[in-house]
Visitor: 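Here you go, one structure.
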Amino acid sequence: MPPMDATSSSSSDITTLHPDIIRSHILNRLDGPTLASASSSTLHLRRLCSDHNLWRTICAATWPSLNQPHASALIDTFPAAHRSVFSDSFPSIQYSPPPNPIPPRLSPEFVSAVDLYYKGRPVFSRVITTETHKGWFLSSPLWVDLLDPNEVVPTPLIFAKCDEESSWLAHLEENLGLSWIVIDPTRKRAANLSSRRPVAARRHWLTGDLEVIFAVTMETVQWVIRVTCCGKAGGAMHVREASLTMEDTEGRHVTGRDSFVILQDAVENGERRKPDPEEAKARFDKFCRLKREIRERKLRRDSAMDTVAMLVSFTIFVSLFWFMVFGF
C-alpha cells in the first residue's frame, strides 16, 4: 500500500467533519468518563466536548434527581454547570480529615440529590434541602432522612422467601446501587457520599427489616447511608427508610456542626478517584474492625477500673469495720 501523502492525511483529520455531525453522531453517544477523555485529546474536541447540553444530558441520564427544578437551578450557577457537577460527583471522594480542622464559615444549607438503582436502572429519585444554621442541626448528631416518617416507596423487586435469604442478600449487594450527591450552593461544589454499591446487606438485629448499607470511609470518620427495606416474602419490596449519618471510630454519631465542617473541607480539598466497589467494601470492613477493637479496649479498661473501684471500696469497708470493732 503506498504511503499517504499530506493531503490524504489532512482529509482524514476529525477537524474536517462538521461540528454538528460530531455532536449528534459521536459525542452524544458517549458516557461521561469517555467524553472527558475525548475532551483531553485535542483542542478542537475540547471545545466541542464543553457543550453544556451534552453534559446536561449525561447528568440527567446518570442521576435523574438532578432533573428536578431545585437541583437544576443550583447547577446552572456552577462555573461549568453540569460539567462541574459531573467532575465533582462521578468519581469517589477520598479524604483524610486533619486532627484539628479550622472551622470554615458554614453554608446556610446543603442539598442532597439521591438516586436508588436496581440493575443500573433508577427506581427512585429525590432532592431534599437541609438547613445548617439551626441550633438542633449544629448540636445534635447528624441524621438526614430522605423519606417522611410514614412514607413507603414501592420498588419492582420481589422480596425473597426465608430459605432464599442468603442468596437474596448477595443479589442485592450485586445489583442494588445508590448515589447521594451533596451540593454546596455557596461554594458551588458537590461530592458523592455513597459507595455506589452496598458495602453490606443484612437483617436488622432488632426490627428484622432488611438493611442495605452504603459507606464512604475517611480514615477517622465515615459517611454511612442505610436503606431499610420491608415487605412480605414473595411480595413486592418497599423502601421504608433512607438516612445519611456520620460516625467516628468509637461508633458515635458526629454532630451536625462537626460533620458539616468535615464535609465542606472534603468537598473543596478531597481527591476524586474512579469508583472501586471492592475497595469501598474493604475500607468499610477495616473501619468496622477498628470500631470493634476500640470498643473492646474500652470495655476492658472500664472492667479493670470497676475491679479497682470494688477493691478500693472493699478495702475502705474492711478498714472502717476494723476501726469500729477494734479501734476503741
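Quick note: numbers below take in every heavy atom, side chains included, and nothing from hydrogens, waters or symmetry partners.
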Visitor: Assess whether atom CZ of R257 is packed by more than 12 heavy atoms of other residues, nucleotides or ligands within 6.0 Å.
Guide: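 12 or below, so no.
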Visitor: Sort and list the pairs that fulfil ring-ring contact (aromatic ring centres under 6.0 Å, His included) and have at least one residue in residues 55-80, not counting sequence neighbours.
Guide: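 Found W55-F86, W63-F86.
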Visitor: Going by the angle between their ring planes, with limits at 30° and 60°, are F110 and F260 parallel, tilted or perpendicular?
Guide: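 Geometry flag for F260 against F110: parallel rings.
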Visitor: Please answer whether the main-chain N or O of Y118 pairs with a side-chain N or O of N175 as donor and acceptor at a distance below 3.5 Å.
Guide: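 Not a single qualifying donor-acceptor pair exists.
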Visitor: Just checking, any donor-acceptor pair under 3.5 angstrom between side chains of D265 and Y95?
Guide: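 Indeed, the side chains of D265 and Y95 share at least one donor-acceptor pair under 3.5 Å.
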Visitor: Among Ile, Leu, Val, Met, Phe, Trp and Tyr joined by side-chain contacts under 4.5 Å, find the other residues sharing a cluster with V199 and list them by chain and number.
Guide: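 Traced through the cluster, V199 reaches I213, V224, F284.
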Visitor: Against T217, only a single residue in R283, K286, Q222 fulfils side-chain hydrogen bond (donor to acceptor under 3.5 Å, both in side chains); can you say which?
Guide: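 The passing option is Q222.
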Visitor: Return the set of residues passing side chain to side chain donor-acceptor pair (under 3.5 Å) with S125 (not counting sequence neighbours), or none when no residue passes.
Guide: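 In terms of side chain to side chain donor-acceptor pair (under 3.5 Å), with neighbours along the sequence ignored, S125 is linked to D115.
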Visitor: Would the distance check show the side chain of T315 and the main-chain N or O of L311 forming a donor-acceptor pair, the cut-off being under 3.5 Å?
Guide: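 Looks like yes, one N/O pair under 3.5 Å.
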Visitor: Give a yes or no answer on whether the side chain of T77 reaches the backbone of L74 with a donor-acceptor pair at less than 3.5 Å.
Guide: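 It does hold such a pair.
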Visitor: Is it true that R187 and E268 make a salt bridge, defined as a side-chain N closer than 4.0 Å to a carboxylate O?
Guide: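 E268 and R187: salt-bridged.
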Visitor: Rounded to the nearest 0.5 Å, what's the gap from CZ on F214 to CG on L178? Could you check?
Guide: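 Here the interatomic distance stands at 5.0 Å.
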Visitor: Could you tell me whether the side chain of D148 and the main chain of E151 form a donor-acceptor pair under 3.5 Å?
Guide: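 Checked: no pair found.
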Visitor: With sequence neighbours excluded, tell me which residues meet side chain to side chain donor-acceptor pair (under 3.5 Å) with T255.
Guide: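 Scan of T255 (side chain to side chain donor-acceptor pair (under 3.5 Å), adjacent residues dropped) gives D258.
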Visitor: Might you work through the side-chain hydrogen bond (donor to acceptor under 3.5 Å, both in side chains) test for N192 and S179, ending with a clear yes or no?
Guide: CA-CA 7 Å; N192 204 322; S179 169; 2.9 Å; yes
Visitor: Are any of the side-chain nitrogens in R197 or D276 under 4.0 Å away from the carboxylate oxygens of its partner?
Guide: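 Between D276 and R197 there is no salt bridge, as every charged N stays at least 4.0 Å from the carboxylate O atoms.
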Visitor: Holding to salt bridge (Lys or Arg N to Asp or Glu O under 4.0 Å), I want the full list of residues that pass it with D209, two or more places apart in sequence or in another chain.
Guide: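 With sequence neighbours excluded, D209 shows a salt bridge (Lys or Arg N to Asp or Glu O under 4.0 Å) to R240, given in chain and number order.
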Visitor: Quick one: salt bridge (Lys or Arg N to Asp or Glu O under 4.0 Å) partners of E131, sequence neighbours excluded?
Guide: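 Counting only residues at least two positions away or on another chain, E131 forms a salt bridge (Lys or Arg N to Asp or Glu O under 4.0 Å) with K134.
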Visitor: Salt bridge check: are K291 and E293 linked by an N-O gap of less than 4.0 Å?
Guide: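 Between E293 and K291 there is no salt bridge, as every charged N stays at least 4.0 Å from the carboxylate O atoms.
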Visitor: Check this for me: does any side-chain nitrogen of one of R189 and D88 sit under 4.0 Å from a carboxylate oxygen of the other?
Guide: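 Salt bridge: yes.
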